[in-house]
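Step one of this worksheet: look at the structure below.
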Amino acid sequence: MRAISWNVNSLRTRFERVAAVINRHQPDLLCLQETKVTDEDFPHDAIEELGYIAEVHGQKTYNGVALISRDELEDVRIGFDGDPCPEQARVISGVCQGVRFINIYVVNGKEIGTDKYELKMKWLTALREWISSEFNNDEPLVILGDFNIVPEERDAHDPDKWRHIHFSPEEVAQLDALRDWGTTDLFRLHNDDDHVFSWWDYRRQAFRFDHGLRIDLAMGTQRAAKICSFASLDRDERRKGDFEAKPSDHIPLILDFS
DNA sequence: ATGGTTGGTCGCCAA
């Protein structure tokens with residue numbers, strides 16, 4: 001089984017690239033973040049033409065998540081109990097071939113000291129409480145998506161530039177708490193290199209200078225890690241060439257499970 | 001601290 005996580009930064013603007021990613025990688029499950037489309041306007045017909053079906057949790061203008069799969073998923077859930085901002089569409093989960101995938105778009109947080117940063121901490125704590133109360137860490141389970149958190153120094157081009165957001169001690173501690181519950185960074189099972197990034201700011205030619213961060217993550221339980229046979233970031237999605245036009249600022253995270 | 005690109009929407013807010 002192949003699963004992909006990707007912050008598309010608007011599904012409707014990026015649809016042709018989404019179709020290209022599906023054709024290139026042939027995933028069983030595609031977890032999208034920042035779809036920026038209401039459920040009413042979701043392009044279900046175009047997804048079905050690709051041979052897929054979509055479970056959606058969207059809203060107008062901001063946020064929005066979706067699960068796009070070849071086959072029907074089991075136990076699909078919209079959002080989570082205890083969400084401090086339930087009006088923001090940030091979580092959708094479901095079971096694909098026996099593995100539970102919790103697709104998340106974490107609150108960005110803006111900067112330490114702001115209300116948005118406080119909300120990010122509250123949101124992450126509430127999400128962990130929901131996950132640990134609702135699910136078992138001895139089951140195959142993967143929490144994946146745009147975490148807006150840099151796990152380690154080697155995951156930032158210049159970690160000191162990001163200590164006010166994305167790489168603050170409190171944010172890293174939230175990730176550690178998720179590890180303590182019994183999950184591991186699945187990308188790191190198969191990649192040892194420093195400076196492998198998943199996001200580059202659109203501004204200041206950040207991709208050209210490779211000023212990026214690895215903030216798109218998949219945290220899997222031991223049962224998920226045991227069957228995770230491959231993990232990679234699809235840098236070609238942002239590179240120039242056939243796909244030069246309008247890339248997302250994030251690239252897809254590809255995961256295989258045996 | 002400022003900077004300055006993209007998307008949704010149509011004036012700015014969010015990232």
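In what follows, chains carry the letters A, B, and so on, assigned in the order in which the sequence lines appear, proteins first and then strands, with residues in each chain numbered from 1.
Atom CG of A:D115 and atom P of B:dA15 are 13 Å apart (whole Å). Across the protein-nucleic acid pair, A:N9 atom CG and B:dC13 atom C1' stand 14 Å apart, rounded to whole Å. Atom CG of A:D216 and atom C1' of B:dA15 are 13 Å apart (whole Å). A straight line from CG of A:D249 to P of B:dT6 spans 10 Å, rounded to a whole angstrom. Nucleotide B:dA14 holds its C1' atom 8 Å from the NZ atom of A:K110, rounded to whole Å. Counting to the nearest Å, the P atom of B:dA15 and the CD atom of A:E34 are 7 Å from each other. When rounded to the nearest whole Å, the span between OH of A:Y202 and P of B:dC13 equals 20 Å. In this structure, A:D201 places its CG atom 13 Å from P of B:dG7, rounding to the nearest Å.
Spacing of C1' atoms, B:dC10 relative to B:dT6, comes out at 15 Å, to the nearest Å. Taking atom P in both B:dC12 and B:dA1, one finds a spacing of 25 Å when rounded to whole Å.
Note on A:R203: every side-chain N or O is 4.0 Å or more away from OP1 and OP2 of B:dA15.
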**Asked** Passes salt bridge (Lys or Arg N to Asp or Glu O under 4.0 Å), A:D28 versus A:R2? Steps please.
**Response** CA-CA 5 Å; A:D28 298 283; A:R2 172 162 284 185; over 6 Å; no
**Message:** One pair to check against side chain to side chain contact (heavy atoms under 4.5 Å, CB included): A:C228 and A:H190. What are the steps and the verdict?
**Reply:** CA-CA 9 Å; A:C228 180; A:H190 300 285; 4.0 Å; yes
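Map A:H250 and A:L11 each onto its nearest nucleotide of DNA chain B; the residue landing nearer the 5' end is A:L11.
Using the six-membered ring where Trp is involved, A:H44 and A:F42 have ring planes that are tilted, between 30° and 60° apart.
Contacts of A:K116 with the nucleic acid, taken as non-hydrogen atoms under 4.0 Å apart, involve only primed sugar atoms and P, OP1 or OP2.
Taking each heavy atom of A:W181 and A:T221 in turn, the nearest pair found is CZ3-CG2, 4.1 Å.
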